[in-house]
There are 2 protein chains.
Amino acid sequence: MKSASLATEYHSDRQADDDHELASTCKALGHPVRIRILQFLKRVDRCICGEIVETLPLAQSTVSQHLKILKEVGLVIGEIEGPRTCYCLDKEKLTRLKKLIAGL
Amino acid sequence: MKSASLATEYHSDRQADDDHELASTCKALGHPVRIRILQFLKRVDRCICGEIVETLPLAQSTVSQHLKILKEVGLVIGEIEGPRTCYCLDKEKLTRLKKLIAGL
DNA sequence: ATCGGTTATCGTCGATAGGCGATAAAGCAT
DNA sequence: ATGCTTTATCGCCTATCGACGATAACCGAT
């Protein structure tokens, strides 16, 4: 059961979904360390977690948390390769973000 | 006194400033209500606070807080007009955001 | 089977975010 | 001066964030 609220008066459900997607993606980008991680991944294309940890003045567990957040919104993909995890950007998701931002 | 840390190894100060600007701007965008406010301001160009409150299912104080956050990062400008405040987008800041996002 | 290397998760802590009602502040009108 | 309208701020509460160390989980090699 879904009631129309004042808040959706001017917005289709489709639009509301976009709003939430954009907000949650931006929230994930709302920390300088996570921006750095994205830029690093763009430069190196793909790398294992340990390399990312080396570039940052943070504990391994903290970096792993940031990577988890980026994974949850789909900006980053992590593939398990034996004992390690290989990370890379999801370029499609990044493109979609750019499109949503450009529409503001 | 500024020491070079491992974290800045691949980043100029200029780049670090951009990272922080982008992160804090994205952080401000990281809530669906604030996305809605920006879109509403785009549609109506400019309006007083009360009109924004009417479009949202939130208390006036809550909306005022969201507007404060958008003002702090410069996405929104608030001009006091007598007893009320007139809000509008800062299109230059929005353009800069789009540029920074496009560079990711 | 155990060890070494790598990454994810847990638990904890202080700080911040997000919501609200109540109240202050400011300008206009009476 | 008193009110009325509008907006900002305060205080409170709960929930989430961000950092860390410790530990678990996983795999490959010995």
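Since this is a predicted model, take the numbers as computed values, not measurements. Chain A is the first sequence line, chain B the second, and so forth, proteins listed ahead of strands; every chain is numbered from 1.
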Exercise. DNA chain C: Q65(A) or C86(A), which has the more 5' nearest nucleotide?
Worked result: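 Whichever sits nearer the 5' end wins; that is C86(A).
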Exercise. How is L67(B) classified with respect to the nucleic acid when contacts are heavy atoms under 4.0 Å: base, sugar-phosphate, or nothing?
Worked result: nothing
For this session: Look at all strands and tell whether I80(B) reaches a base, only sugar-phosphate, or nothing, counting heavy atoms closer than 4.0 Å.
Result: nothing
Exercise. Could one point to a donor on the side chain of S61(A) or the base of dG21(D) with an acceptor on the other under 3.5 Å away?
Worked result: yes
Exercise. Looking at dA8(D), does its base get a donor-acceptor pair with the side chain of Q60(B) below 3.5 Å?
Worked result: yes
Report yes if a side-chain nitrogen or oxygen of [X] is closer than 4.0 Å to either non-bridging phosphate oxygen (OP1 or OP2) of [N]; otherwise report no.
X: R84(A); N: dG28(D); value: no
X: H31(A); N: dA19(D); value: yes
X: S64(A); N: dA8(C); value: yes
X: K71(A); N: dA8(C); value: yes
X: K27(B); N: dT16(C); value: no
X: Y87(B); N: dA8(D); value: yes

Tell me the interatomic distance from [X], atom [atom1], to [N], atom [atom2], rounded to whole angstroms.
X: I69(B); N: dT9(D); atom1: CD1; atom2: P; result: 12 Å
X: E51(A); N: dG5(C); atom1: CD; atom2: P; result: 17 Å
X: I52(A); N: dA8(C); atom1: CD1; atom2: P; result: 9 Å
X: E79(B); N: dA8(D); atom1: CD; atom2: P; result: 13 Å
X: L56(A); N: dA19(D); atom1: CG; atom2: P; result: 10 Å
X: E54(A); N: dT7(C); atom1: CD; atom2: C1'; result: 14 Å
X: I35(A); N: dG18(D); atom1: CD1; atom2: P; result: 12 Å
X: I48(A); N: dC27(D); atom1: CD1; atom2: C1'; result: 13 Å

Problem set entry | Contact summary for I52(B) and C47(B), nearest pair of heavy atoms | CG1-SG, 3.6 Å
Problem set entry | Separation between CG of L22(A) and NE2 of H20(A), rounded to the nearest 0.5 Å | 11.0 Å
Exercise. Mind checking whether V73(B) and Y87(B) sit in one hydrophobic cluster, side chains of I, L, V, M, F, W, Y counted as touching below 4.5 Å?
Worked result: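 Hydrophobic grouping puts V73(B) with Y87(B).
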Exercise. Taking 4.0 angstrom as the limit, do R96(B) and D18(B) come out as a salt bridge?
Worked result: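 Judged by the 4.0 Å cut-off on N to carboxylate O distance, R96(B) and D18(B) do form a salt bridge.
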Problem set entry | Residues E21(B) and K93(B) bridged, charged N to O under 4.0 Å |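 Salt bridge: yes.
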Problem set entry | Nearest listed nucleotide, side chain of P83(B), among dG19(C), dA8(D), dG27(C) |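 From the listed options, dG27(C) comes nearest.
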Problem set entry | Closest listed nucleotide, where the reference is the side chain of T85(B) and the choices are dT7(D), dT9(D), dT7(C) | dT7(D)
Exercise. When the nearest nucleotide of DNA chain D is assigned to T62(B) and to H66(A) on a heavy-atom basis, which residue is associated with the more 5' position?
Worked result: T62(B)
For this session: Look at the side chain of S64(A) and the backbone N and O of Q60(A), then say whether any donor-acceptor pair between them is shorter than 3.5 Å.
Result: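 No.
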